[in-house]
Amino acid sequence: QVQLVESGGGLVQAGGSLRLSCAASGRTFINYSMGWFRQAPGKERDLVAAISGGGGRTYYTDSVKGRFTISTNNAKNTVFLQMNSLKPEDAAVYYCAVRQGITLAVKPRRCDFWGQGTQITVSS
């Protein structure tokens, strides 16, 4: 059974930084990608950033480019999201997800496994 466990959420002032982690366990994926999504109250779950399993390809939504960085560890079983210069509009529940296959995990409905989510609150 695949488990994705997120950590690193919390409260931060605008302009501050947080680093999210998502550890995957329970299965060895051959071709896969991982993504970070976020969902604010009353809104849809949207992509923040995605990375291929090997770490060679990344994708960012426009609103976080230059501020957020997605990366993986050497074992490729943990994905990180370094978030700098946080804004109040970044506040949401952040979820990590795994999409099996070679296509990046950019669409929520195409992802196969999800973490439980971690809350990010940004005070102005």
Side-chain angles (χ1 to χ4, degrees):
Q1 183 175 354
V2 175
Q3 280 193 318
L4 301 177
V5 180
E6 299 117 333
S7 60
L11 171 66
V12 65
Q13 286 188 329
S17 299
L18 283 175
R19 189 187 196 215
L20 303 183
S21 300
C22 175
S25 63
R27 183 183 295 183
T28 300
F29 297 101
I30 304 302
N31 293 312
Y32 69 99
S33 63
M34 298 183 76
W36 285 100
F37 297 79
R38 64 187 179 189
Q39 188 168 19
K43 296 189 176 181
E44 294 185 349
R45 189 171 299 187
D46 292 324
L47 174 74
V48 177
I51 189 167
S52 57
R57 290 182 294 152
T58 58
Y59 181 89
Y60 297 90
T61 194
D62 286 345
S63 63
V64 307
K65 286 179 180 177
R67 300 189 298 123
F68 292 10
T69 303
I70 190 170
S71 61
T72 63
N73 65 344
N74 288 336
K76 304 297 188 289
N77 62 351
T78 301
V79 62
F80 306 97
L81 186 68
Q82 178 66 44
M83 305 184 293
N84 299 328
S85 302
L86 281 159
K87 304 175 181 180
E89 52 264 42
D90 293 317
V93 178
Y94 282 67
Y95 299 89
C96 73
V98 169
R99 185 188 194 284
Q100 300 179 93
I102 61 174
T103 304
L104 282 181
V106 298
K107 295 186 183 298
R109 65 180 183 274
R110 298 294 189 185
C111 293
D112 300 295
F113 305 100
W114 289 90
Q116 80 285 356
T118 185
Q119 177 72 50
I120 304 296
T121 303
V122 183
S123 63
S124 57

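In this chain, residues are counted from 1 in sequence order.
Nearest heavy atoms, Ser52 versus Ser33: CA-CB, 3.9 Å. Between Ile51 and Thr58, the shortest heavy-atom contact is CG1-CG2, 3.8 Å. Nearest heavy atoms, Met34 versus Leu4: CE-CD2, 4.3 Å. Ser124 approaches Ala14 most closely through the heavy-atom pair CA-CB, 4.2 Å.
The shortest side-chain heavy-atom distance between Thr118 and Leu20 falls under the 4.5 Å cut-off. Side-chain contact check for Val98 versus Asp112: every heavy-atom pair is 4.5 Å or farther apart. For the pair Glu6/Gln116, a side-chain contact is recorded, criterion being any heavy-atom separation below 4.5 Å from C-beta on. Using a 4.5 Å heavy-atom threshold, the side chains of Ile70 and Val48 count as separate. Using a 4.5 Å heavy-atom threshold, the side chains of Tyr94 and Asp90 count as touching. Contact check for Leu18 versus Leu86: side-chain heavy atoms found under the 4.5 Å cut-off.
Between Glu89 atom CD and Arg38 atom CZ the span is 8.0 Å, to the nearest 0.5 Å.
Under the 4.5 Å side-chain contact rule for hydrophobic residues, Val106 and Phe68 do not share a cluster. Both Trp36 and Ile120 sit in one connected hydrophobic cluster of ILVMFWY residues. Membership requires side-chain heavy atoms under 4.5 Å apart, directly or through other members.
A donor-acceptor contact shorter than 3.5 Å is absent between the side chain of Tyr60 and the backbone of Gly66. Of the possible donor and acceptor atoms, none in the side chain of Arg57 sits under 3.5 Å from a partner among the backbone N and O of Gly53. With hydrogens and angles disregarded, no donor-acceptor distance shorter than 3.5 Å links the side chain of Asn31 to the backbone of Ile102.
Taking the six-membered ring for Trp, Phe37 and Trp114 have ring centres closer than 6.0 Å.
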Candidate pair Lys107 and Arg99, rule side-chain contact (heavy atoms from CB on, under 4.5 Å), full reasoning = CA-CA 9 Å; Lys107 295 186 183 298; Arg99 185 188 194 284; over 6 Å; no
Arg27/Gln100 under side-chain hydrogen bond (donor to acceptor under 3.5 Å, both in side chains): CA gap, chis, key distance, verdict = CA-CA 11 Å; Arg27 183 183 295 183; Gln100 300 179 93; 3.2 Å; yes
List the steps, then state whether side-chain contact (heavy atoms from CB on, under 4.5 Å) holds for Phe29 with Phe113.
-> CA-CA 12 Å; Phe29 297 101; Phe113 305 100; 3.7 Å; yes
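Taking a 6.0 Å sphere around CD of Gln13, one finds it holds 12 or fewer heavy atoms contributed by other residues, nucleotides or ligands. Under a cut-off of 6.0 angstrom, the local environment of CZ in Arg110 is sparse, with at most 12 non-hydrogen atoms contributed by other residues, nucleotides or ligands. In the displayed structure, Gln3 atom CD is contacted under 6.0 Å by at most 12 heavy atoms of other residues, nucleotides or ligands.
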If you look only at distance, which donor and acceptor atoms sit under 3.5 Å apart when one is on a side chain in residues 78-85 and the other is two or more places apart or in another chain?
residue : atom : partner : partner atom : Å
Gln82   : NE2  : Asn84   : OD1          : 2.9
Asn84   : OD1  : Ser17   : OG           : 2.9

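For the pair Arg45 and Tyr95, the cation-pi criterion (under 6.0 Å, within 45° of the ring axis) is fulfilled.
Screening residues 53-124 for disulfide (SG to SG under 2.5 Å) gives Cys22-Cys96 as the qualifying pairs, with residues at least two apart or on separate chains.
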